[in-house]
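Everything on this sheet refers to the single structure shown next.
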Amino acid sequence: MDAQELTKTLIGYNTVSPLSNVEVMDFLTETLEAIDCEVERVEYKDPAGVLKVNLIGRKGPVNGARGLALLGHIDTVPTIGWSTDPFEAQIVDGKMYGRGSCDMKGSVACMIEAASHYAASDLQAPLYVVITADEEVGYLGAIAVAEKSQMFNEKYGFPQYGVVGEPTELHAVYAHKGTVRFTATAHGRAAHSSTGEGDNANLKLIPFLAEMRDIYHELMNDTRYFNDEFTPAFTDWNITISDGECPGNITSPLSVCCINYRPMPGDNPQEWIDRARDSAEKHGLIFDLYIDAPPVRTPPDAEIIQAALEITGETEPQTVAYGTDAAVFAQHMETVIIGPGSILQAHTVDEWMALDQFPQGTSIFSQFVERFCVA
């Protein structure tokens, strides 16, 4: 199994989050079975009714030793403004271009190559390769795996250790911020703006927006809410609004505010959620909380973090500001985030990963297997 070639194949599948991923998961089922993994498919329908598949490949004994999980996702963010076909891998100047090359089909391929290096008889504890859907839109696949997997709900439960392979340039990460996302929606009535007969939804939203602005400034400026483990040390309270690009001569019938909030370890997210909900209800808006994923913090002295530092040769683990499937899996296993590629390329137009990250990523994942499944 060659991670670089496998990544080129995976890029060829359009796995933007709203689409079904059944075709690529059928291919990956065959791929995992070809390296002698027992494979479980965990299926669900997303909020739009689209069928999604998650995969768990297991290799090695189920003997009471809880083992290691290599954890990745197959979905990607949308593709807008690319100069080339985002679903055709291209190699130029030592980089592989293509949607998902960095985030995180390349990492998934490195995990599968690492797993292919070991026969089941080599392993003293089970090795799992977990590939999820819908990480980019609220960790829905990871939630389904945690709730529905038979492998992880058998006698021995979840693995003891997890490696989430998000792009960190192969630095060990022990903590990241959470993801809370909600909308407040105002309804009005459309009419020609000259008649005065409409009911403008934007006007109904303005008092709520003013209070969300106050929360934004509070979180940005009050050092009581800072956490110096992170850069930036303040949390994100990002405000976006949409009235569907209503033309200027129509009173807007619908206006939606979306807030993305990234709580940090030690925060009380419910306090801010409640403030926003109370504000929405006070102003007659419809409040919808649709992502509520906690921050992650594995103690730096935990075994999986110390193992990561030994493997990478680093002295201190890092934190990151973005979120990962660890928001779900860290509730069940001791977790480190480490993977090939840079977050600076993730989600970008003409996304790429440096070719030297493929062998390095495979080597790093293999060393975790050696430590937790072979030794």
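Considering CG of Asn54 and CZ of Arg41, their distance stands at 10.0 Å, rounded to 0.5 Å. Here the CD atom belonging to Gln318 is positioned 6.0 Å from the CD atom belonging to Glu314, to the nearest 0.5 angstrom. In this structure, NE2 on His117 lies 10.5 Å from CD on Glu370, to the nearest 0.5 angstrom. In this structure, His176 NE2 and Thr335 OG1 are separated by 9.0 Å, a value rounded to the nearest 0.5 Å. Rounded to the nearest 0.5 Å, atoms CG (Asp214) and CG (Leu219) are 11.0 Å apart.
Within a 6.0 Å radius of CD in Glu23, other residues, nucleotides and ligands contribute 12 heavy atoms or fewer. Environment of NZ in Lys204: crowded, with over 12 heavy atoms of neighbouring residues, nucleotides or ligands closer than 6.0 Å. Within a 6.0 Å radius of CG in Asp222, more than 12 heavy atoms belonging to other residues, nucleotides or ligands are found. Residue-environment remark: OH (Tyr216) stays at or below the threshold of 12 foreign heavy atoms within 6.0 Å. The 12-atom threshold is exceeded at CD1 of Ile239, counting heavy atoms of other residues, nucleotides or ligands nearer than 6.0 Å.
Looking only at side-chain heavy atoms (C-beta outward), Leu71 and Met333 come within less than 4.5 Å of each other. Under the 4.5 Å side-chain criterion, counting only non-hydrogen atoms from C-beta, Leu51 is in contact with Val22. Looking only at side-chain heavy atoms (C-beta outward), Asn200 and Ser193 stay at 4.5 Å or farther from each other. When side chains are defined from C-beta on, Gln345 does not count as touching Lys95, because their heavy atoms never get closer than 4.5 Å. Inter-residue side-chain proximity for Ser279 and Met212 is flagged as met; some heavy-atom pair is nearer than 4.5 Å.
For the residue pair Thr76 and Lys105, no side-chain donor N or O sits within less than 3.5 Å of a side-chain acceptor on the partner. With 3.5 Å as the limit, one finds no donor-acceptor pair spanning the side chains of Tyr322 and Glu166. Side-chain contact, Glu197 with His192: no donor N or O sits under 3.5 Å from an acceptor N or O. No side-chain N or O of Glu88 forms a donor-acceptor pair with one of Tyr97 less than 3.5 Å apart. Between the side chains of Ser83 and Asp350, at least one donor-acceptor pair of N or O atoms lies under 3.5 Å. Looking only at atom types and distance, the side chain of Ser363 has a donor-acceptor partner in the side chain of Gln367 under 3.5 Å away.
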Inset, instruction - Would you check, one step at a time, whether the test side chain to side chain contact (heavy atoms under 4.5 Å, CB included) holds for Leu19 with Asn14? - result: CA-CA 8 Å; Leu19 304 179; Asn14 182 348; 3.4 Å; yes
Legend entry - Step-by-step side-chain hydrogen bond (donor to acceptor under 3.5 Å, both in side chains) determination, Ser149 to Glu40: CA-CA 8 Å; Ser149 167; Glu40 178 187 12; 2.9 Å; yes
Legend entry - Trace of the side chain to side chain contact (heavy atoms under 4.5 Å, CB included) decision for Phe226 with Met264: CA-CA 9 Å; Phe226 285 18; Met264 296 179 287; 5.7 Å; no
Inset, instruction - Mind running ring pair (Phe, Tyr, Trp, His ring centres under 6.0 Å) on Tyr13 and Phe27 for me, showing each step along the way? - result: CA-CA 10 Å; Tyr13 291 91; Phe27 167 75; 5.8 Å; yes
Inset, instruction - Check step by step if ring pair (Phe, Tyr, Trp, His ring centres under 6.0 Å) holds for Phe182 and Tyr290. - result: CA-CA 6 Å; Phe182 58 84; Tyr290 60 97; 8.6 Å; no
Legend entry - Derivation and outcome, side-chain hydrogen bond (donor to acceptor under 3.5 Å, both in side chains), residues Asp75 and Ser17: CA-CA 5 Å; Asp75 64 310; Ser17 298; 2.7 Å; yes
Inset, instruction - Determine, step by step, whether Lys52 and Asp134 satisfy the salt bridge (Lys or Arg N to Asp or Glu O under 4.0 Å) criterion, reporting the C-alpha distance in whole Å, the side-chain angles of both residues, the deciding distance to 0.1 Å, and the verdict. - result: CA-CA 8 Å; Lys52 300 294 177 66; Asp134 286 337; 2.8 Å; yes
Legend entry - Steps toward side chain to side chain contact (heavy atoms under 4.5 Å, CB included) verdict (Asp325, His73): CA-CA 8 Å; Asp325 273 344; His73 68 87; 4.1 Å; yes
Inset, instruction - Starting from the C-alpha separation in whole Å, work towards a yes-or-no answer on side-chain hydrogen bond (donor to acceptor under 3.5 Å, both in side chains) for Thr179 and Tyr139. - result: CA-CA 10 Å; Thr179 303; Tyr139 321 120; 3.1 Å; yes
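Residues Ser255 and Leu205 come closest through the heavy atom pair OG-CD2, 3.1 Å. When all heavy atoms of Pro340 and Ser107 are compared, the pair lying nearest together is CD-OG, 3.5 Å. Between Met151 and Glu38 the shortest heavy-atom distance is CE-O, 3.4 Å. The minimum heavy-atom distance linking Ser252 with Asp243 is given by the pair OG-CB, 3.3 Å. Nearest heavy-atom pair, Val328 versus Ala142, reported as atom, atom and distance to 0.1 Å: CG1-O, 3.6 Å. Contact between Phe365 and Ala114 at its shortest, heavy atoms only, is CB-CB, 3.9 Å.
The backbone N or O of Asp103 lies less than 3.5 Å from a partner atom in the side chain of Glu351, making a donor-acceptor pair. Side-chain atoms of Asp267 never come within 3.5 Å of backbone atoms of Pro269 as a donor-acceptor pair (strictly under, hydrogens ignored).
With respect to the salt-bridge test (charged N to carboxylate O, under 4.0 angstrom), the residues Glu43 and Lys148 do not qualify. Looking at Arg275 and Glu218, a side-chain N of the basic residue comes within less than 4.0 Å of a carboxylate O on the acidic one, giving a salt bridge. Checked for salt-bridge contact, Lys282 and Glu211 meet the test: a charged N lies under 4.0 Å from a carboxylate O.
Met25 is connected to Leu10 through a chain of hydrophobic side-chain contacts under 4.5 Å among Ile, Leu, Val, Met, Phe, Trp and Tyr, so both are in one cluster. Cluster annotation: Val336 is not connected to Val164 through the hydrophobic network of ILVMFWY side chains, with a link wherever side-chain heavy atoms come within less than 4.5 Å. Residues Leu127 and Ile311 share a hydrophobic cluster, clusters being chains of Ile/Leu/Val/Met/Phe/Trp/Tyr side chains in contact below 4.5 Å.
The aromatic rings of Tyr161 and Phe372 sit tilted relative to each other, their planes meeting at an angle between 30° and 60°.
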